[in-house]
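Working notes for the structure below.
Atoms within each ligand, like the ligands themselves, are counted from 1 in listed order.
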Amino acid sequence: MTNMRKGDHRLIQELNRSKVLNHIRREGPISRIALAKQNGISPSTVASAVQELIKEGYVSEIGPGRSSGGRKPILLRFNPDHHHLIAVAITNSRMLLARMNLEARVLAKAEYPISGVKGEAVAEFLVEHLDRFLTEDGVQSTCIGISVTVPGIVQSDEGIVLYNTKLGMNRVPLKRMLESRYGMKVWLENDMNSVVLAERQFGKYAYANLIYISIGDGLGSGILINETLLHGKHGGAGEFGHTSVNRGGVRCECGNVGCLDSYISWMAVYSRILTALTSGRTTQINELTGGDYTRIVPEVYKEALRRGDRLALDINEEVADHLGAAIVNLINMFNPEALVLGGEMGRDNEALLEKVRLYINKHAMPILREDLVFGLTSLGEDDKLIGAAAVLLQDLFGFSLMES
Ligand SMILES: [Zn+2]
């Protein structure tokens with residue numbers, strides 16, 4: 001201990017503090033003495049950590065618990081509503097802002113369509129709405145930070161959006177821009193990476209080796225290996241949509257040909273529906289939309305699937321074949337414990353899940369698929385906001401469902 005520098009000491013204090021806070025969050029209401037015993041930390045260290053946490057409002061005392069003889073110990077509980085965070089989820093078509101509590105629950109939210117806004121203007125668009133959101137809420141004093149998620153290649157350490165073709169973003173230093181404007185800490189992460197963390201922390205997939213696959217406007221994945229996000233050198237790991245499935249296929253915006261995205265994303269499915277409709281094929285999609293092509297959205301397609309519509313089932317079969325093959329590659333590459341399907345096309349899509357499951361059972365290596373968990377996203381429509389919250393909470397408090 002005597003050789004320990006001051007910085008090391010502070011680090012250990014912080015680690016103990018976050019250990020104590022996490023334990024109260026997971027196991028509370030709990031007494032100080034139980035915290036000390038269960039974490040192998042001295043009672044005096046626990047007492048000083050708890051004192052700080054109470055002073056800052058993260059923890060409250062809720063009165064005496066049961067005694068096992070002697071004085072009844074005071075129980076402590078996590079206080080998720082004393083502070084809050086701002087979550088921002090930028091997608092290629094809209095921007096969501098939310099105020100959330102420390103259990104990643106949405107307290108207030110707003111949504112703005114992004115149309116025709118490109119490049120640096122996306123950052124200006126964000127700032128404009130964030131300004132209003134922060135003043136309307138009048139909540140800056142209890143805000144612990146802002147967490148932003150964006151699709152594309154994101155250098156999260158530096159907080160730079162390196163590359164997003166649809167939004168025309170190229171090396172936009174979003175974190176620095178927001179930090180200097182609002183004077184509070186800002187986190188920036190790729191949207192899929194944020195969602196895989198959220199499935200683990202706040203959803204029903206508490207696995208250390210977890211892959212999240214999103215099918216929507218585009219196609220992406222977030223990969224968690226031994227509880228750590230796989231970023232790669234530039235933050236580009238997990239670009240699942242741009243894996244090659246056809247060497248002679250259509251040209252993709254990424255510069256390659258035959259990318260998976262071109263075969264199974266919503267745009268691919270939508271154009272297949274349109275082709276069928278214009279060639280006069282009968283489908284329930286016509287009835288569901290009153291013949292209005294602009295009303296054909298993923299929800300309509302999924303409803304047609306549920307009703308057993310032949311066209312929808314045919315498309316589902318093709319999508320499942322492509323997706324199944326790509327997922328078998330992921331299983332063989334990463335040997336995950338669980339795989340989750342999400343995005344607008346994946347959410348609540350039992351028909352797709354079942355078809356892909358059949359494919360996996362037929363084609364993945366038996367030893368790797370034996371106890372593999374394969375399911376649908378458990379986060380609902382606020383998935384990306386919960387994702388943004390998960391990034392911040394993981395970094396600030398090391399929140400997790402599992403004991404480290
Ligand atoms: Zn591509």
Side-chain angles (χ1 to χ4, degrees), residues 89-94 114-119 122 149-156 160-172 188-196 211-223 229-275 298 301 315-316 318-334 336 339-347 349 352 356 359 384 387:
I90 299 174
T91 75
N92 290 332
S93 58
R94 61 206 177 120
I114 302 181
S115 48
V117 183
K118 298 263 178 212
V122 176
T149 69
V150 195
I153 313 289
V154 175
Q155 171 52 263
S156 56
I160 301 170
V161 181
L162 282 184
Y163 180 73
N164 176 314
T165 41
K166 293 202 177 80
L167 294 171
M169 293 179 94
N170 214 331
R171 297 180 193 278
V172 179
L188 183 73
E189 184 56 88
N190 165 274
D191 56 352
M192 293 299 114
N193 287 346
S194 79
V195 175
V196 75
I211 299 182
Y212 178 93
I213 294 165
S214 171
I215 320 172
D217 284 345
L219 194 63
S221 73
I223 302 171
L229 277 176
L230 185 70
H231 281 111
K233 180 165 191 274
H234 298 294
E239 284 293 329
F240 184 56
H242 297 287
T243 48
S244 302
V245 294
N246 183 357
R247 286 191 300 140
V250 289
R251 183 154 291 281
C252 176
E253 63 188 20
C254 75
N256 196 359
V257 291
C259 293
L260 183 61
D261 190 287
S262 313
Y263 296 87
I264 67 170
S265 68
W266 171 243
M267 289 320 293
V269 169
Y270 180 70
S271 81
R272 224 164 304 170
I273 295 171
L274 279 191
T275 310
Y301 166 71
I315 295 174
N316 186 52
E318 287 173 47
V319 169
D321 261 8
H322 276 297
L323 185 58
I327 287 181
V328 166
N329 285 338
L330 288 181
I331 293 171
N332 291 338
M333 290 285 287
F334 298 106
L339 260 156
V340 183
L341 277 189
E344 284 171 299
M345 284 246 290
R347 187 182 306 139
N349 194 342
L352 181 62
V356 175
Y359 192 102
K384 287 180 180 153

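For the residue pair N256 / S244, a side-chain donor-acceptor distance below 3.5 Å is found, with atom types taken as modelled. Between the side chains of N164 and N92, at least one donor-acceptor pair of N or O atoms lies under 3.5 Å.
Every residue meeting the salt bridge (Lys or Arg N to Asp or Glu O under 4.0 Å) condition with K166, not counting sequence neighbours, appears here in chain and number order: E253. Qualifying salt bridge (Lys or Arg N to Asp or Glu O under 4.0 Å) partners for D261, counting only residues two or more places apart in sequence or in other chains: none. The salt bridge (Lys or Arg N to Asp or Glu O under 4.0 Å) search around R251 returns none, not counting sequence neighbours.
Protein contacts to the Zn ion (ligand 1) involving N, O or S atoms at a distance below 2.8 Å are H242 ND1, C252 SG, C254 SG, C259 SG.
At distances below 3.5 Å, at least one donor-acceptor pair connects side-chain atoms of T275 with backbone N or O atoms of S271.
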